[in-house]
Amino acid sequence: MSATADRPRPRIGVWQAVLLAILAFGAYATVIRYAQGLGAATNLSDAFPWGLWIGFDMLVGVGLAAGGFVVAATVHIFRMERYEPIARPAVLTAFLGYLLVIVALLYDLGLPWRIWHPMVMWNPHSVMFEVGWCVMLYTTVLALEFSPLVFERFGLKMPLKVIRAIYVPLVILGVLLSTLHQSSLGTLYVIAPDKLHGLWYTPLLPVFFFVSAVAAGVAMTIFESFMSYRAFGKRLEADLLRGLGRVIVVALGVYAVLRFEDLAGRGALALAFRLTPEAVLFWGEMGLGVLLPMALFAFKRVRASEQGLFFAALLTVMGFIVNRLNVAITGMQASSGVTYIPSMLEFAVTASLVAAGFALFGLAVKYLPVFPPGEVEPGRAPRRERRLALSRGTVALLWGLLLAGALGVAVSSALNGGAGRGDEAAPVAPLSAHVAEVEAELTSLPAPYTFPTAEESPGPVVFDHETHAALAESCLTCHASGWSVTIPGRPLAGELTYERIHEGDLCASCHDGESATAVDDDCAFCHGG
Amino acid sequence: MRPAILNDLTKCIGCEACALACKEVNGLPDRDRRGTLSADTWTAVEHRNGLHIRRQCMHCLEPACASVCPVAALHKTPEGPVVYDADRCIGCRYCMVVCPFGIPKYEWDEPVPKVRKCVLCFETRLEEGRQPACTEACPTGATIFGDRDELVREAQRRIEAEPGRYVPRIYGLEEAGGTSVLYLSPVPFEELGFATLRDEPYPGLTWDILSKLPNVVSVGGVLLAGIWWITGRRETLKKARSGEISVEEALARKPPLVPLDDDDRAAPL
């Protein structure tokens with residue numbers, strides 16, 4: 001058997017162009033992000049500090065990589081060795097996923113070069129501290145679980161022996177670390193009960209995040225198998241994937257029951273039946289992403305058909321994505337008072353990371369023993385048979401659902417007058433009406449105030465209310481337009497120029513030589529400090 | 001002495017001397033005073049419904065922001081104020097997500113961005129025994145500085161002395177577990193944009209969960225190791241019964257079969 005038969009060549013011709021275009025856009029976004037800051041690159045704001053990069057790159061990215069620990073545990077702890085052939089691709093997917101999550105973090109952090117700080121600066125009360133540590137340790141575990149592929153490729157026997165000896169403890173550690181941080185990503189939001197919408201907020205967020213991660217991670221494994229089948233001609237282990245399908249049914253079933261029970265128990269179920277964007281997206285997530293795939297996977301006929309398996313897995317993954325974006329973005333909109341839509345640059349970075357993930361997976365398959373030898377037979381099946389599993393009708397259905405969902409969100413948003421606009425402040429009442437009443441309240445005049453001094457100034461100017469209040473008829477004399485001496489909205493320092501005062505404005509309106517010493521008489525009179 | 005501030009909304013004349021003083025002491029540019037907090041405005045006066053409402057960090061007794069900061073950049077000093085160590089901050093902005101009052105602001109356009117909020121003039125004035133710049137600048141005594149317990153008593157005294165003047169509620173007394181900045185108002189607080197919050201401190205919400213994690217790890221670890229041991233034993237037995245491996249090998253394999261006595265050794269299967 002020649003070497004080329006063992007080294008599959010990914011058929012990604014046209015896709016290569018798409019990939020490069022996405023990466024180019026991502027490179028541009030990267031330059032903007034680091035040269036001009038987060039404000040220029042994103043639509044994040046004080047009112048909405050976490051957006052697409054947290055919601056998708058972090059939350060979805062970590063969750064979809066969950067297949068790694070589930071399959072590794074299945075093979076090495078539960079010893080279902082028949083799943084061995086999909087263990088390596090699952091670990092590869094997970095490893096790449098976590099690497100990309102770390103890269104995404106380098107984009108989102110305001111000070112990414114300080115990403116190492118949690119290693120030495122501790123706050124054990126912080127959920128984010130725990131997540132950071134667990135992700136760091138688990139990525140190390142994944143690297144070690146992944147290393148046999150590299151060691152085998154380069155024939156490094158000794159390191160291989162060492163890793164094999166510690167593999168089971170590594171897998172156990174991996175399961176524990178994953179359980180911790182998959183759930184803790186949900187715990188992050190438990191401290192914000194006033195901000196996260198009632199359809200998603202619950203103290204049980206960690207449980208929901210963990211169960212959905214298991215379901216989605218396994219679905220992602222099925223999805224990856226189909227992608228490998230299509231791209232590299234890898235043999236599809238349909239029987240293994242069917243077994244995974246059964247796991248997903250159970251996971252989704254547990255999830256659905258817990259979720260609806262929790263909503264009902266907190267009196268939040270009614271929120272799902274109002275015509276709001278939140279409700280529409282909730283049903284998108286639960287209906288399409290949980291209930292439908294659960295029903296599909298439960299049928300043997302669906303599990304037996306490649307098309308059915310792929311479609312149900314795809315729905316699960318999509319539903320998971322909608323769920324995480326709902327928690328991070330949809331559910332946080334109403335309380336924020338603003339409407340957040342990610343910028344094109346945010347999309348560019350996210351798309352680049354996903355594209356890079358696919359590309360790196362392909363490279364790994366090409367150069368490392370990801371698949372068992374003999375599994376990949378590129379020339380074997382005729383092209384017609386290897387077409388991927390979605391019929392035209394199914395694709396049309398998917399698009400229809402997507403459009404229906406978008407329409408639902410748009411209609412419900414319009415009905416609600418736009419998502420969560422905060423109350424506008426009432427117009428300012430003229431203050432002069434309150435002056436008399438207020439003058440009685442005065443217990444002391446403001447302390448002497450030193451105006452900002454320009455470089456060219458002969459000395460600082462200090463204004464003392466004591467000397468002026470006695471002379472003015474009332475506070476209104478100076479504060480007629482409000483209690484700011486300058487016009488509201490104009491910066492005090494910038495507008496207090498030599499020209500403005502020495503040409504007769506502000507102080508000079510009285511200090512004109514008749515009512516009071518003129519500004520031009522004696523510099524030291526004002527600039528004496 | 002627990003440093004605290006009492007804001008009496010019936011006495012505020014909206015002169016913004018507090019905002020101005022704050023900018024001066026902290027070296028903040030006086031760019032825009034629109035009554036809202038920003039990275040450059042750590043206290044602002046919002047003009048609303050004919051009243052002037054001073055907004056600032058509430059310096060919660062059990063702050064959510066300090067509890068969530070992964071590197072303890074935001075932390076509560078033993079004296080009381082919640083302060084910020086810019087050298088530790090990594091810019092994760094989790095504090096901004098969790099503050100129930102929406103206080104921390106970010107320098108989105110700076111190359112080395114910081115989280116910005118009122119720090120009660122902790123290093124600049126409190127440590128020297130002076131009061132914050134804002135309360136010192138106030139000409140009407142609408143915002144005053146003092147010990148929290150004394151200010152609470154003062155607020156109660158004012159409510160009792162002039163019941164028609166105030167809504168009988170001290171905002172900040174119990175909100176979020178109690179804050180160091182307290183408010184008295186002539187109209188219901190909800191009408192002025194004050195959030196209705198839980199009385200229990202926020203950090204407890206996640207600590208309830210985090211504190212259980214060591215149990216999860218220890219129990220989980222033992223469980224997984226146990227499953228590995230049991231499944232291993234089952235597999236070895238299966239292989240020995242099917243003849244795939246010899247009895248001697250089955251006995252020698254790790255994980256070992258359950259402790260054997262002489263009877264077992266004679267007839268292990």
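Throughout, protein chains are lettered first and strands after them, A, B, ... in sequence-line order, and every chain is numbered starting at 1. It should be emphasised that the depicted structure is a prediction, and the values quoted were computed from it without experimental measurement.
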Counting only heavy atoms closer than 4.5 Å, note whether Pro203(A) contacts chain B via side chain, backbone, both or neither. backbone
Interface check, chain B: of Ile54(A), Val127(A), Thr42(A), most non-hydrogen pairs under 4.5 Å belong to Val127(A)
Beyond-backbone contact of Leu210(B) with Phe129(A), side-chain heavy atoms, under 4.5 angstrom: no
Once you round to the nearest 0.5 Å, how far does CH2 of Trp108(B) lie from CG of Asn43(A)? 10.5 Å
Arg79(A) (side chain) donor-acceptor with Glu235(B) (main chain) under 3.5 angstrom: no
Between Tyr94(B) and Trp50(A), does the ring centroid distance fall short of 6.0 Å? yes
Would you name the heavy atoms of Cys89(B) and Arg114(A) that are closest together and state the gap between them? O-NH1, 2.7 Å
Quick one: closest heavy-atom pair of Trp122(A) and Ala72(B), and the distance? O-CB, 4.1 Å
Non-hydrogen atoms of chain B under 4.5 Å away: do they reach the side chain of Leu180(A), the backbone, both or neither? side chain
Glu107(B), part contacting chain A, at a heavy-atom distance under 4.5 Å: neither
Bottom line for Pro124(A): the part with an atom under 4.5 Å from chain B's heavy atoms is backbone
Between Arg88(B) and His117(A) (side chain of the first, backbone of the second, donor and acceptor by atom type, cut-off under 3.5 Å), is there such a pair? no
Identify the heavy atoms of Lys195(A) and Cys99(B) that sit nearest to each other, and give their distance. NZ-O, 2.9 Å
Given the options Leu111(A), Leu38(A), Leu109(A), Pro113(B) meets side-chain contact (heavy atoms from CB on, under 4.5 Å) only with Leu111(A)
Looking at Pro70(B), Ala21(B), Gly91(B), which makes the most heavy-atom pairs under 4.5 Å with chain A? Pro70(B)
Set out, in order, the CA-CA distance, both residues' side-chain angles and the distance that settles side-chain contact (heavy atoms from CB on, under 4.5 Å) for Val68(B) and Met128(A), then state yes or no. CA-CA 7 Å; Val68(B) 301; Met128(A) 182 164 293; over 6 Å; no
So does Val190(A) get a backbone contact from the side chain of Thr206(B), meaning a donor-acceptor N/O pair under 3.5 Å? no
Search all heavy atoms of Ser184(A) against all heavy atoms of Leu213(B) and return the closest pair with its distance. OG-CD1, 4.1 Å
Segment of Ala225(B) engaging chain A (4.5 angstrom heavy-atom cut-off): both
Greatest number of non-hydrogen atom pairs under 4.5 angstrom with chain B, of Gly132(A), Pro169(A), Ala41(A), Pro193(A), falls to Pro193(A)
Is Ile227(B) close to chain A through its backbone or its side chain, or both, or neither, when contacts mean heavy atoms under 4.5 Å? both
Let me see the working for Trp229(B) and Ile77(A) under side-chain contact (heavy atoms from CB on, under 4.5 Å), right down to the final yes or no. CA-CA 8 Å; Trp229(B) 184 57; Ile77(A) 298 179; over 6 Å; no
By a 4.5 Å heavy-atom criterion (distance strictly below it), what part of Trp113(A) contacts chain B: side chain, backbone, both, or neither? side chain
Verdict with reasoning, Arg93(B) to Leu44(A), per side-chain contact (heavy atoms from CB on, under 4.5 Å): CA-CA 11 Å; Arg93(B) 310 186 302 283; Leu44(A) 298 174; 3.5 Å; yes
Where Cys69(B) and Asn123(A) come nearest, the two heavy atoms and their spacing: O-ND2, 2.7 Å
Check whether Asp46(A) reaches the backbone of Pro104(B) with its side chain - one donor and one acceptor, N or O, closer than 3.5 Å. no
Over all atoms of both residues, closest heavy-atom pair of Met96(B) and Pro49(A): CB-CG, 3.7 Å
Less than 4.5 Å to any heavy atom of chain A: does that hold for the side chain of Leu224(B), its backbone, both, or neither? both
Honestly, the part of Val168(A) sitting under 4.5 Å from a heavy atom of chain B is side chain
Between Leu188(A) and chain B, which part of the residue has a heavy atom less than 4.5 Å away: side chain, backbone, both or neither? both
Using non-hydrogen atoms and a 4.5 Å limit, figure out which bit of Met332(A) sits close to chain B: side chain, backbone, both or neither. side chain
Heavy-atom proximity to chain B below 4.5 Å, by part of Leu196(A): neither
Measure Asp108(A) against the heavy atoms of chain B and call it side chain, backbone, both or neither at under 4.5 Å. both
